[in-house]
Amino acid sequence: MGRKLDTTKVKRGPGRKARKQKGAETELAKTLADGDGPKKLSSFSDENSDWLKPAKQKHKIDHSEGDEDSDSQWEEENAEAEDLEEVKNEVVEASDEDDYDDENDMVDDYGAMEDSSEEEEEEEADSDGEELLPIERAAKKQKKRQAVLAGHDEDGEEEDGSENEKMDVEEEEDTVQANFDEIERFKLPGLAERKKEGLLPLDLQIIHQRIKDNVDVLSHFSEKREEGRERVEYLSLLKSDLCTYYSYNDFLMGKLMELFVHSELIDFLEASEVQRPVTIRTNTLKTRRRDLAQALINRGVNLDPLGKWSKVGLVIFDSSVPIGATPEYLAGHYMLQGASSLLPVMALSPQEGESVLDMSSAPGGKTTYVAQLMRNTGVIVANDASAERLKSVVGNIHRLGVTNTIICNYDGRQFPKVMGGFDRVLLDAPCSGTGVISKDPAVKTSKDESDILRSAHLQKELILAAIDSVNADSKTGGYLVYCTCSIMVEENEWVLDYALKKRNVKLVPTGLDFGKEGFTRFKERRFHPSLRLSRRFYPHSHNMDGFFVAKLKKFSNTIPTAPADSSKI
């Protein structure tokens, strides 16, 4: 069978194939001119058997009618059909040979070999909705070939590519890890870099990151230090960066670095930048904490109990009304007071009917708390060296309904000459204020060595005067509580160690079940072992102002004297 011919297609150009086809059709038309077949050949297809139907159908009709005279005519028609079959076969064989020759020899005008069949061309024309031009068909075939070749290449190289990619990823990870290790290792800046930093505007982010890296190196110094670098170099850089970033002077930062390990130092500095929560103390002389809390909640105050350690404290988170101007405040139902200032009064634990001295009472928070615990019984002497500050003590005493307090204005160091014999004494000594930096940021730069030593000297004089004001023979008391809002060792443990040597007192437990123990040794100093009974409180550990509390028990009213030198006798 030959290929189907479609006369509706546009010929690409005359050729042997077209001429032979035309000649075959002309010859076939001449052969059939004398018969009853078609006079004009319009197409030539594989369905050539349809050409035989008219003759066969005519034969069947004539045979069914029983016309005996038509036998001769049927024989003629049959012979004619046989001749037609022979001509058709010849034409088909000639067409097949021409197709084979033309496919091997003929190239179209665009140089594309005719290696595809007419059926593929028809499918392309059908899929596109119109017949493609030869150049379009050739381009489409070229795209198909490239797609097939690309598919084979991908299949063949897929496994090799995956392995190569894995190797590349591993090498890249090794390189990244190596680079990360190099970046992670902290290197001290040179002198030239430090000089440039002094000239250029400060980049606090770079300094903060350098502080973190430096602290990490100091924490693992043997593993992460640079070769040939000493620890003192890292400490010097850290101190400089901390002073720059947190705005401290060199002296105070040096003191803090001696007091805390480096990681804890960062926590302390960060906590000192944040204000402590607002706390109030319920005045149980006029109300209960439950009733006060309910009244403040009704006014739009968001609050919670201060902690399990306090039965009267409340912490204020936010408020829609001024806490210092509510009707409850004006009525004396509560006192604005820091959580840390409740601790020394709790350690003092005054009893009803006792005589108590508050040697530095302004602004009156501790004094009124003592009166509250004593339920307005006994006698409280509220003294302060500043007459101006005593005005706030007077105002708070009247507002809170305290009736058992006497206010006086004396220098605490001279107070034993005025009166003595108290059951309990509370000494909140004036100090450098290094525990309340969040309230007074000026402390960062205003303190130096002389300020600390001056405060320590004053505190030693005051604690000796306070001890002399206590009656060791008191049946219920004989106690002294010493406290400061400083975290300096010179103002706390050093002062107590001095008092233990100068007077007949001893340290006893404070009764506070939290807080850190006091130091028994610091740098080259060695203190009395009982100083571990004192308590330290820090902003970053207890979320309250830095504070120090110690409780002393006086066991003799005699003042020790220095032993006489036997050589002088």
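The first residue of the sequence shown is numbered 1, and numbering continues consecutively from there. All values below were derived from every heavy atom in this structure, side-chain atoms included, with hydrogens, water molecules and symmetry-related copies excluded.
For Glu264 against Ser541, the heavy-atom pair with the smallest separation is OE2-OG, 4.4 Å. The nearest pair of heavy atoms linking Pro529 to Thr520 is O-CG2, 3.6 Å.
By the 4.0 Å N-to-carboxylate-O rule, Arg210 lies too far from Asp213 to be salt-bridged with it.
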request  = Check step by step if salt bridge (charged side-chain N to carboxylate O under 4.0 Å, His left out) holds for Glu491 and Lys255.
outcome  = CA-CA 12 Å; Glu491 300 179 82; Lys255 286 291 184 181; over 6 Å; no

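Between the side chains of Glu270 and His540, no donor N or O sits under 3.5 Å from an acceptor N or O. Under the 3.5 Å distance criterion, with hydrogens and angles disregarded, no donor-acceptor pair is assigned to the side chains of Thr368 and Asn283. A donor-acceptor contact under 3.5 angstrom links the side chains of Asp358 and Thr367, judged on distance only. Remark: the Ser340 side chain and the Arg276 side chain contain no N/O donor-acceptor pair separated by less than 3.5 Å. The closest side-chain donor-acceptor pair between Asp384 and Ser386, if any, does not fall under 3.5 angstrom.
Among residue pairs with one or both ends in residues 422-462, none qualify as ring pair (Phe, Tyr, Trp, His ring centres under 6.0 Å); sequence neighbours excluded. Note on residues 472-506: no pairs pass ring pair (Phe, Tyr, Trp, His ring centres under 6.0 Å), not counting sequence neighbours. Every pair tested for ring pair (Phe, Tyr, Trp, His ring centres under 6.0 Å) that includes a residue from residues 351-403 fails, sequence neighbours excluded, so the list is empty. Listed by first then second residue, pairs satisfying ring pair (Phe, Tyr, Trp, His ring centres under 6.0 Å) with a partner in residues 273-300 number zero, not counting sequence neighbours. Judged as a salt bridge (charged side-chain N to carboxylate O under 4.0 Å, His left out), the pairs with a partner in residues 465-485 (not counting sequence neighbours) are, in order, Asp468-Arg503.
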Less than 3.5 Å apart, which donor and acceptor atoms pair up between the side chains of residues 320-336 and the rest of the protein, not counting sequence neighbours?
unit_1: Ser320; atom_1: OG; unit_2: Arg299; atom_2: O; d: 3.1
unit_1: Ser320; atom_1: OG; unit_2: Gly300; atom_2: O; d: 3.4
unit_1: Thr326; atom_1: OG1; unit_2: Tyr329; atom_2: N; d: 3.1
unit_1: Thr326; atom_1: OG1; unit_2: Tyr334; atom_2: OH; d: 2.6
unit_1: Glu328; atom_1: OE1; unit_2: Arg299; atom_2: NE; d: 2.9
unit_1: Glu328; atom_1: OE2; unit_2: Arg299; atom_2: NE; d: 3.0
unit_1: Glu328; atom_1: OE2; unit_2: Arg299; atom_2: NH2; d: 3.3
unit_1: Tyr334; atom_1: OH; unit_2: Ile323; atom_2: O; d: 2.3

Donor-acceptor contacts, no H, no angles, side chain residues 309-318, under 3.5 Å, sequence neighbours left out:
unit_1: Ser310; atom_1: OG; unit_2: Val312; atom_2: N; d: 3.4
unit_1: Ser310; atom_1: OG; unit_2: Gly313; atom_2: N; d: 3.0
unit_1: Asp318; atom_1: OD2; unit_2: Asn302; atom_2: ND2; d: 3.4

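A search for side chain to side chain contact (heavy atoms under 4.5 Å, CB included) contacts involving Ser349 returns Gln351, not counting sequence neighbours. Residues meeting the salt bridge (charged side-chain N to carboxylate O under 4.0 Å, His left out) test with Arg535, sequence neighbours left out: none. For Lys391, the side chain to side chain contact (heavy atoms under 4.5 Å, CB included) test picks out Glu388, with sequence neighbours left out. The side chain to side chain contact (heavy atoms under 4.5 Å, CB included) check on Asn376 picks up Leu285, Ala371, Val402, Thr403, Asn404, with sequence neighbours excluded. Scanning for side chain to side chain contact (heavy atoms under 4.5 Å, CB included) contacts around Ser247 gives an empty result, with sequence neighbours left out.
Few gaps surround CZ on Arg526; more than 12 heavy atoms of other groups in view lie less than 6.0 Å from it.
Ring geometry for Phe522 versus Phe519: interplanar angle of 30 to 60°, hence tilted.
In this structure, the side chain of Gln337 does not engage the main chain of Thr279 through any donor-acceptor pair within 3.5 Å. Formation of a donor-acceptor pair under 3.5 Å by the Asn396 side chain with backbone atoms of Ser392 is found in this model.
Using a 4.5 Å cut-off on side-chain heavy atoms (C-beta onward), Val443 and Ser432 make no contact.
The line from OG of Ser272 to CG of Leu256 is 8.0 Å long, rounded to the nearest 0.5 Å. Note that the SG atom of Cys483 and the CG atom of Leu426 stand 5.5 Å from one another [nearest 0.5 Å].
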